[in-house]
Amino acid sequence: DPDRQLKGKVAVVTGGAKGIGYAIVDNLLNNEVKTVIIVDKNRARGLKAEEQLNCKHGGNRTVFIYGDITKHLDRVSEQIFQCYGCVDILVNNAGILNEYDPKKTIETNAMATVLWADRFYNCMRKDWGGKGGTIINIASISAYMSDPFLYFYKASKFAVLGLTLGMGHEYNYLSSGVRMFAICPGLTRTDLTLSQQMTVDEQVEVFSRFTEVALWQSANHVGEVAVLLFRTASTGTAYTVVGGAPPVESPDRENTTVDFILSL
Ligand SMILES: NC(=O)C1=CN([C@@H]2O[C@H](COP(=O)(O)OP(=O)(O)OC[C@H]3O[C@@H](n4cnc5c(N)ncnc54)[C@H](O)[C@@H]3O)[C@@H](O)[C@H]2O)C=CC1
Ligand SMILES: CC/C=C\CC(=O)/C=C/C=C\C=C\C=C\[C@@H](O)[C@@H](O)C/C=C\CCC(=O)O
């Protein structure tokens, strides 16, 4: 299936200046993607990533565009569509963890992810004149787990999973030709997990204990899994990737088929 081959494709990765996003960019470039556009609000890290990745992979295949996903969708998407067309792949990866700022958490992780997905979906969709594509949303195991931690973050990631299961549903794919799936990583060593904005005070002890006993993984593992899933994942699915292990389909997904509804 040519849609599942990376060779020659153009990808956009939000939040690709560091952490999981950077690892996804690096792995896409390792696998013959033609160009990766990093959109990030950290200008210094974005320029550094562009330089490092062009040094490593050559050919000016990495392009950094400064942008805050909560503010600059119009400017950045117009620039991208003008230079590269609707692109083949969008990785909605940029996200924050700040339990002291629920509004910013929802605006970044949920609202901006929804709006970026919508903008690129509409450009890519075959029934509106596009050529199809793939949108990968980076959710989290927090997107479906029931535990007492990080509840604003969890609310934002439930939204990302809901968007993926609905917009990416097979029924929509049949007309749009846009595949959408989510990756739900567990604890991954990045700056986000070093932040001190995680838990409400009364949870510090129990959360610390959880992070001591939980399985951790490298960002590069998530990057490798993103490439694997690009080649194998069906639309409207979500995959958990925890502790450096291979991905497994995320639990608790009840699929409502349109055939079933129409048969009632
Ligand atoms: N590190 C972890 O344990 C896990 C992380 N995730 C998710 O993975 C994604 C990436 O996280 P990490 O790499 O760990 O974080 P990170 O903090 O290392 O990197 C996030 C990147 O996103 C950028 N970013 C943040 N807000 C932005 C905005 N408004 N506009 C543009 N760029 C923005 C940052 O500048 C940074 O370069 C997030 O969505 C996070 O929720 C999911 C599961 C586990
Ligand atoms: C429930 C976690 C599930 C999914 C992973 C995810 O999406 C986000 C993880 C976010 C944060 C993980 C942080 C881990 C931190 C540890 O290294 C320790 O530093 C925790 C120690 C104290 C926390 C107290 C505090 O400062 O709030």
Side-chain angles (χ1 to χ4, degrees), residues 12-26 37-50 64-73 76 91-101 104-113 115-116 136-161 182-223 225-226 238-243 250:
V12 172
V13 180
T14 67
K18 62 189 174 89
I20 290 172
Y22 181 92
I24 292 174
V25 177
D26 191 26
I37 300 144
I38 294 174
V39 179
D40 206 291
K41 69 172 183 180
N42 186 331
R43 200 187 293 272
R45 288 298 294 250
L47 289 169
K48 191 171 157 201
E50 182 185 54
F64 170 62
I65 299 180
Y66 166 77
D68 182 328
I69 59 163
T70 65
K71 295 181 186 148
H72 303 136
L73 172 59
V76 175
V91 184
N92 261 323
N93 163 80
I96 59 161
L97 173 63
N98 186 345
E99 288 296 290
Y100 295 104
D101 197 340
K104 193 171 174 197
T105 298
I106 298 296
E107 278 171 2
T108 308
N109 299 1
M111 184 58 89
T113 298
L115 295 178
W116 279 69
I136 305 174
N137 296 322
I138 306 303
S140 161
I141 53 171
S142 289
Y144 57 83
M145 274 175 61
S146 172
D147 60 57
F149 310 126
L150 313 179
Y151 35 78
F152 300 129
Y153 180 79
K154 189 188 292 293
S156 73
K157 294 298 185 176
F158 264 65
V160 175
L161 187 58
I183 302 178
C184 299
L187 290 168
T188 307
R189 286 182 295 274
T190 67
D191 290 350
L192 180 137
T193 46
L194 290 175
S195 109
Q196 292 302 301
Q197 297 161 322
M198 291 174 284
T199 54
V200 289
D201 288 348
E202 61 272 25
Q203 287 185 358
V204 167
E205 203 183 324
V206 67
F207 184 70
S208 304
R209 184 79 189 111
F210 165 76
T211 61
E212 277 164 29
V213 297
L215 296 172
W216 285 76
Q217 63 195 354
S218 68
N220 188 58
H221 179 66
V222 182
V225 165
Y239 281 83
T240 294
V241 48
V242 170
S250 305

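Quantities reported herein were computed from a predicted structural model and do not represent experimental measurements. Remember, it's 1-based here, ligands and their atoms both numbered in the order they're listed.
Ligand 1 has no N or O atom lying under 3.5 Å from any N or O atom of Thr193, backbone or side chain. When only interatomic distances are considered, the shortest N/O to N/O separation between Ser208 and ligand 2 does not fall below 3.5 Å. Between Thr108 and ligand 1, no N or O atom pair is found at a separation short of 3.5 Å. Of the polar atoms of Ile69, at least one N or O is found under 3.5 Å from an N or O of ligand 1, judged by distance alone. At a 3.5 angstrom cut-off on N or O pairs, Asp68 counts as close to ligand 1. For Ile96, no nitrogen or oxygen atom sits less than 3.5 Å from a nitrogen or oxygen atom of ligand 1, counting backbone and side chain alike. Where the criterion is an N or O separation shorter than 3.5 Å, residue side chain and backbone included, Asn109 fails it with respect to ligand 1.
The aromatic rings of Phe207 and Phe149 lie perpendicular to each other, with more than 60° between the two planes, well past the 30° mark.
Between Gly186 and ligand 1 there is a heavy-atom distance shorter than 4.0 Å. The shortest heavy-atom distance from Tyr100 to ligand 2 is not under 4.0 Å. Put simply, part of Lys18 is less than 4.0 Å from ligand 1, judged by heavy atoms. The shortest heavy-atom distance from Thr14 to ligand 1 is not under 4.0 Å. The shortest heavy-atom distance from Ala112 to ligand 1 is not under 4.0 Å. At least one heavy atom of Lys157 sits closer than 4.0 Å to an atom of ligand 1. Not a single heavy atom of Gly46 sits closer than 4.0 Å to an atom of ligand 1.
Taking atom 8 (O) of ligand 1 as the reference point, the nearest protein heavy-atom neighbour is Ile138 CG2, 3.5 Å. What sits closest to atom 14 (O) of ligand 1 on the protein, heavy atoms only, is Thr190 OG1, 2.5 Å. Among protein heavy atoms, atom 21 (C) of ligand 1 sits closest to Gly15 O, 3.5 Å. Among all protein heavy atoms, the one lying closest to atom 32 (N) of ligand 1 is Lys41 N, 3.3 Å. At the shortest separation from atom 36 (C) of ligand 1 among protein heavy atoms lies Asp40 OD2, 3.6 Å. Looking from atom 38 (C) of ligand 1 to the surrounding protein, the closest heavy atom is Asn93 O, 3.2 Å. In terms of protein heavy-atom proximity, atom 11 (O) of ligand 1 is nearest to Leu192 CD1, 4.0 Å. Nearest protein neighbour of atom 43 (C) of ligand 1, counting heavy atoms only, is Pro185 O, 3.2 Å.
Closest heavy-atom contact between Ser250 and Cys184: OG-SG, 3.8 Å. In this structure, Val13 and Gly21 approach most closely via the heavy-atom pair CG1-O, 3.8 Å.
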If you look only at distance, which donor and acceptor atoms sit under 3.5 Å apart when one is on a side chain in residues 214-221 and the other is two or more places apart or in another chain?
from: Trp216; atom 1: NE1; to: Thr211; atom 2: O; distance (Å): 2.8
from: Gln217; atom 1: OE1; to: Gly243; atom 2: N; distance (Å): 3.3
from: Gln217; atom 1: OE1; to: Gly244; atom 2: N; distance (Å): 3.1
from: Gln217; atom 1: NE2; to: Thr188; atom 2: OG1; distance (Å): 3.1
from: Gln217; atom 1: NE2; to: Val241; atom 2: O; distance (Å): 2.9
from: Ser218; atom 1: OG; to: His221; atom 2: N; distance (Å): 3.1
from: Asn220; atom 1: OD1; to: Asn27; atom 2: ND2; distance (Å): 2.9
from: Asn220; atom 1: ND2; to: Glu224; atom 2: OE2; distance (Å): 3.2
from: His221; atom 1: NE2; to: Gly244; atom 2: O; distance (Å): 3.3
from: His221; atom 1: NE2; to: Ala245; atom 2: O; distance (Å): 2.8

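Atom numbering of ligand 1 starts at 1 in the shown order; those under 4.0 Å from a heavy atom of Gly19 are 13 (O), 18 (O). Using a 4.0 Å cut-off to heavy atoms of Asn42, the atoms of ligand 1 that qualify are 35 (O). Below 4.0 Å from some heavy atom of Phe207 lie the following atoms of ligand 2, by number and element: 12 (C), 13 (C), 23 (C). Atoms of ligand 1 found under 4.0 Å from any heavy atom of Leu187 (numbered from 1 in listed order, with element): 3 (O). Which parts of ligand 1 touch Ser140 is read off a 4.0 Å heavy-atom cut-off, strictly below it: atoms 42 (C), 43 (C). The atoms of ligand 1 that sit less than 4.0 Å from any heavy atom of Gly67 are 30 (N), 31 (C).
Taking 4.0 Å as the cut-off between side-chain N and carboxylate O, Lys18 and Asp40 do not count as a salt-bridged pair.
Contacts between Thr211 and ligand 2 below 4.0 angstrom, taking non-hydrogen atoms only, involve the side chain exclusively. The proximity of Ala139 to ligand 1, defined as any non-hydrogen pair under 4.0 Å, is limited to the backbone. Using a 4.0 Å cut-off between heavy atoms, Tyr153 contacts ligand 1 through its side chain alone, with no backbone atom that close.
In terms of modelled atom types and a separation under 3.5 Å, the side chain of Thr190 and the main chain of Ile20 share no donor-acceptor contact. At least one donor-acceptor pair closer than 3.5 Å links the side chain of Glu99 to the backbone N or O of Tyr151. Formation of a donor-acceptor pair under 3.5 Å by the Lys157 side chain with backbone atoms of Tyr144 is not found in this model. Although no hydrogens or angles enter the test, the distance criterion places a donor-acceptor pair under 3.5 Å between the side chain of Thr105 and the main chain of Asn98. For Lys154 (side chain) and Met145 (main-chain N/O), a donor-acceptor pair under 3.5 Å exists by modelled atom type.
Proximity annotation for atom 20 (C) of ligand 1: of Gly21, Gly95, Ala44, Gly95 comes nearest, heavy atoms only. Across Leu97, Asp147, Asn109, Ile20, heavy-atom proximity to atom 10 (C) of ligand 2 is greatest for Leu97. The nearest non-hydrogen atom to atom 5 (C) of ligand 1, considering only Thr240, Ile20, Thr188, comes from Ile20.
By the 4.5 Å heavy-atom criterion applied to side chains, Trp116 and Thr113 are not counted as neighbours. By the 4.5 Å heavy-atom criterion applied to side chains, Val225 and Val222 are not counted as neighbours.
Residue Leu97 is tested with Thr108, Asp191, Asn109, Leu150 for a side chain to side chain contact (heavy atoms under 4.5 Å, CB included); the sole match is Leu150.
For Lys104, there are no salt bridge (Lys or Arg N to Asp or Glu O under 4.0 Å) partners, not counting sequence neighbours.
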Residues Phe210, Asp147; criterion side chain to side chain contact (heavy atoms under 4.5 Å, CB included); working and verdict: CA-CA 10 Å; Phe210 165 76; Asp147 60 57; 5.7 Å; no
